[in-house]
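Values in this document were obtained by computation on a predicted structure and should not be read as measured data. Chain naming here is simple, since letters A, B, ... match the order of the sequence lines and numbering starts at 1 in each.
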Amino acid sequence: APAAPPAPLGCDDPESEAAAEVAVNYINGHSHHGYKFALNRIEDVRVVPQGPNNDIIFLELDLLETKCPILSPTPLANCTVRSFTEHAVEGDCDVKLQKLDGKISVLASKCHSHADSSEDISKVCPDCPQLASLNNTEVLETVSAALNDFNSKTTGPYLRLLEIGRGKIQYHPAHVVAVEFAVGATNCSAEEAKVNVGACQLLPEDQSNFGFCIGTMVKLPTQNLEVDCQLYGHQPGVTYVHAGQDTS
Amino acid sequence: PVTKRAVAEAAQHDKVPRPVGFVPPPPPCPGKIRHFDI
């Protein structure tokens with residue numbers, strides 16, 4: 001009697017998890033903006049045999065945003081997943097992979113991400129700050145104030161804004177705007193920038209030095225601004241692709 | 001009435017007897033949730 005067809009691959013089978021790990025590393029490695037994503041759930045897996053030791057694997061993955069910016073050198077395993085009450089962001093990805101002679105590689109991937117709904121957050125945590133749009137006026141003002149404040153006090157290189165990662169606004173019990181943004185070191189010191197900031201350009205690729213800032217502006221009851229920026233140091237081969245130049 | 005009862009009993013016996021405590025395997029997908037479900 002012909003051999004029975006192999007049982008369909010389960011979403012929690014080791015082979016599916018190995019394929020999902022390859023897929024998540026590929027997705028993070030080919031993303032140029034925002035944050036790294038971690039695997040939350042394998043929604044579906046489908047294997048299409050192509051011949052001996054040659055399978056096409058289709059994965060449907062549920063990812064969750066972590067707190068690690070995409071330019072951060074932190075290994076994904078050490079990146080904390082943003083919690084539900086911190087206004088989580090979910091990624092849905094469809095990935096096509098090939099397993100050839102035991103080696104798994106990604107052929108194509110398509111993802112889209114979306115923040116959890118404000119209603120869901122409010123139900124669980126009425127006073128939790130909620131994500132604001134990245135072009136929200138208060139977010140933009142807070143990023144600008146935080147970066148200027150840091151540059152006015154730093155003894156290191158003058159930093160330029162690369163992109164805003166997220167902005168959250170809380171109205172109770174105080175009016176607080178919290179922002180996260182990516183920065184790049186320029187060829188100026190902070191002192192030189194005071195003289196001619198126009199001459200301050202991001203360092204060339206072979207010297208690039210990216211970093212990340214977190215700023216908090218308390219507006220009421222009294223105004224108070226706090227900002228902290230960390231530079232990662234030069235990471236060979238890591239480049240920042242300005243928005244709009246990105247490939248899908 | 002005899003026929004009906006006989007068929008009912010026969011049908012009952014045709015079912016594959018399940019061992020006591022049989023737990024059906026979990027569906028292959030979707031998989032486990034590693035963090036939380038949105």
### Task
Name the member of Asp116(A), Leu39(A), Val45(A) that forms the most heavy-atom pairs with chain B at distances under 4.5 Å.
Leu39(A)

### Nearest-0.5 Å distance that lies between atom SG in Cys29(B) and atom CZ in Arg41(A)
9.5 Å

### Query
With a cut-off of 6.0 Å (strictly less than), are more than 12 heavy atoms of other residues, nucleotides or ligands near CD of Gln235(A)?
yes

### Heavy-atom closest pair, residues Phe84(A) and Phe36(B)
N-CZ, 3.6 Å

### Task
Measure distances from Glu17(A) to the heavy atoms of chain B and classify the residue's part below 4.5 Å as side chain, backbone, both or neither.
side chain

### Task
Tell me, out of Leu64(A), Asp13(A), Asp44(A), who's got the most heavy-atom pairs with chain B below 4.5 Å.
Leu64(A)

### Message
For Lys110(A), is the NZ atom crowded, meaning more than 12 foreign heavy atoms sit under 6.0 Å from it?
### Response
no

### Message
If I take atom CG from residue Asp37(B) and atom CD from residue Glu90(A), how far apart are they, to the nearest 0.5 angstrom?
### Response
7.5 Å

### Query
If only atom types and distance count, is the side chain of Asp12(A) paired as donor or acceptor with the main-chain N or O of Pro28(B) below 3.5 Å?
no

### Message
To the closest 0.5 Å, what do you measure between NE2 (His35(B)) and CZ (Arg82(A))?
### Response
13.5 Å

### Note, Arg34(B) side chain near Ile42(A) side chain (heavy atom, < 4.5 Å)
yes

#### Entry: Residues, nucleotides or ligands: over 12 heavy atoms within 6.0 Å of Glu226(A) CD
no

### Query
Does atom NE2 of His172(A) have more than 12 heavy-atom neighbours from other groups under 6.0 Å away?
no

#### Entry: Selection from Ser117(A), Gly10(A), Cys11(A) maximising heavy-atom pairs under 4.5 Å formed with chain B
Cys11(A)

